Enquirer: 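Here you go, one structure.
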There are 2 protein chains.
Amino acid sequence: MAESFSIGDLARRTGIKVPTIRYYESIGLMPEPDRTAGNQRRYGRDALDTLNFIAHARAFGFPMKSVHHLLDIAAHPERPCEDIDALVAERLIEVEMRISGLTRLRDELSGLLAGHEHGTVGECRIIEAFSDHSLCAPGHKHDLPME
Amino acid sequence: MAESFSIGDLARRTGIKVPTIRYYESIGLMPEPDRTAGNQRRYGRDALDTLNFIAHARAFGFPMKSVHHLLDIAAHPERPCEDIDALVAERLIEVEMRISGLTRLRDELSGLLAGHEHGTVGECRIIEAFSDHSLCAPGHKHDLPME
DNA sequence: ATAGGGCCTCTAGTCACTAGAGGTTCAAGA
DNA sequence: TCTTGAACCTCTAGTGACTAGAGGCCCTAT
Ligand SMILES: [Zn+2]
Ligand SMILES: [Zn+2]
Ligand SMILES: [Zn+2]
Ligand SMILES: [Zn+2]
């Protein structure tokens, strides 16, 4: 007879917490599993694979919407896989933009620290910089879309 | 007589949206302003300064908790400014860790794209990699605390 | 005096979970 | 077989940092 996993088994094997698995089911990411007579969820091997796939896609930083999309694609082995490329390329661009924004931010922050000597708040260069853009970096502006 | 700004004036001058200003007030980040006879908020120049300070700190990526802290510190010009250093240094470390995590991620994503040829989903290397850690990068694991 | 844009409060929605209450079921040991 | 207690169930609410909408009042310029 086929393997059968409780929700806790799945959690232990995938590292995804039990409430999160139920949440994934509630948003339609995981199919509804069979139940025991006492209404507890029982999963098969395929659910385990799906959950690992989800965990892996999330680890790559894909938002849930893309994970949905990826699962849909993966469910049809005979179709062409070109959409995958687009999704991964899109994610790569996001990550690169994020890196360059954060790199600018890193430079600004270390610039603040570099020019800093301990004194009173009233004389503090860092506080001054927070109060006035023109002091925090020459000709500078913050245009990160938010982190 | 002193300058007086409506909440919309503040929004235009700081780039922070009106509901956000009300939200900041609700969480105690901005003091409660005076009101007109008709119950509308009227701000002075100090509120404008505070709001600009908040916007700037947020642009540096500080979470609200730290913004609170920074405002508290800035409100006491005679005290020593050493806590500022700690806050900025902490933020810098976060940013650096984030950059290194994202850099690894970038390399993995471009690795996936590099080895990819269009075919069917069933043969797709990228889908395979999502299904199996051992294929997505040799000896690799994803341990980003979450983006 | 009236039009209409700005302002008010309150509620609910976002994303991806997480925590808790209060109750039921399963499985292992006696 | 019975008992215990860990694991499971559903449902609600909370997180952070806002954003959107409903329904209604105010302010100011013409
Ligand atoms: Zn200082
Ligand atoms: Zn600045
Ligand atoms: Zn492919
Ligand atoms: Zn992997």
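Just so it is clear, the model here is predicted, and its values are computed rather than measured. Atoms considered below: every heavy atom in the structure, side chains included; atoms not considered: hydrogens, waters and symmetry mates. Letters A, B, ... mirror the listed sequences (proteins, then strands); counts begin at 1.
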Enquirer: To the nearest Å, give me how far apart CZ (A:Arg22) and C1' (D:dC11) are.
Expert: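 Nearest whole value for this atom pair: 11 Å.
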Enquirer: Hey, are A:Glu25 and A:Arg41 close enough for a salt bridge, meaning a charged N less than 4.0 Å from a carboxylate O?
Expert: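 Judged by the 4.0 Å cut-off on N to carboxylate O distance, A:Glu25 and A:Arg41 do form a salt bridge.
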Enquirer: Over all heavy atoms of both residues, which pair between B:Met30 and B:Tyr43 is shortest? Give the atoms and the distance, please.
Expert: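 Looking at all heavy atoms of both residues, the closest pair is CE-CE2, 4.5 Å.
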Enquirer: Taking all non-hydrogen atoms of both residues into account, name the closest pair between B:Glu128 and B:Glu123 and its distance.
Expert: OE2-O, 3.9 Å
Enquirer: For the residue pair B:Ala59 and A:Leu105, what are the closest heavy atoms and their distance?
Expert: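 Scanning both residues completely, I find the closest heavy atoms to be O-CD1, 4.0 Å.
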Enquirer: Under 4.0 Å, heavy atoms only, any strand: does A:Ile27 hit a base, just the sugar-phosphate, or nothing?
Expert: nothing
Enquirer: Taking 4.0 angstrom as the limit, do B:Arg12 and B:Asp9 come out as a salt bridge?
Expert: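 So B:Arg12 pairs with B:Asp9 through a salt bridge.
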Enquirer: Taking the side chain of B:Arg41 as its heavy atoms from C-beta onward, which of C:dT9, D:dC18, C:dC7 lies nearest to it?
Expert: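 Looking only at heavy atoms from C-beta outward on B:Arg41, the closest nucleotide is C:dT9.
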Enquirer: Under 4.0 Å between any heavy atoms, over every strand shown, what does B:Arg35 touch: base, sugar-phosphate, or nothing? Just pick one.
Expert: sugar-phosphate
Enquirer: In whole Å, what is the span from the CD1 atom of A:Ile16 to the P atom of C:dC17?
Expert: 8 Å
Enquirer: Can you name the closest pair of heavy atoms from B:Pro80 and A:Val121 and give their distance?
Expert: O-CG2, 3.7 Å
Enquirer: What bend angle does the helix from C:dA1-D:dT30 to C:dA30-D:dT1 show across its length, from five-pair end axes and to the nearest 10 degrees?
Expert: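 Taking the rotation axis at each end, their angle is 10°.
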Enquirer: For every nucleotide of nucleotides 19-28 of chain C, 5' to 3': is a protein heavy atom under 4.0 Å from its base (B), only from its sugar-phosphate (S), or from neither (-)?
Expert: ------SSS-
Enquirer: Is B:Thr20 close enough to D:dA17 that one of its side-chain N or O atoms is under 4.0 Å from OP1 or OP2 there?
Expert: no
Enquirer: Considering non-hydrogen atoms only, spot the tightest contact between A:Leu71 and A:Phe53 and give its length.
Expert: CD2-CD2, 3.6 Å
Enquirer: OP1 or OP2 of C:dC17 sitting under 4.0 Å from any side-chain N/O of A:Arg58?
Expert: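 It does, given that an N or O in the side chain of A:Arg58 lies less than 4.0 Å from OP1 or OP2 of C:dC17.
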Enquirer: As a test of reading the structure: which of C:dC17, D:dC8, D:dA17 is closest to the side chain of B:Met64, going by heavy atoms?
Expert: D:dA17
Enquirer: Please check if atom CG in A:Asp34 has more than 12 non-hydrogen atoms from other residues, nucleotides or ligands closer than 6.0 Å.
Expert: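 Not buried by this count: 12 neighbours or fewer within 6.0 Å.
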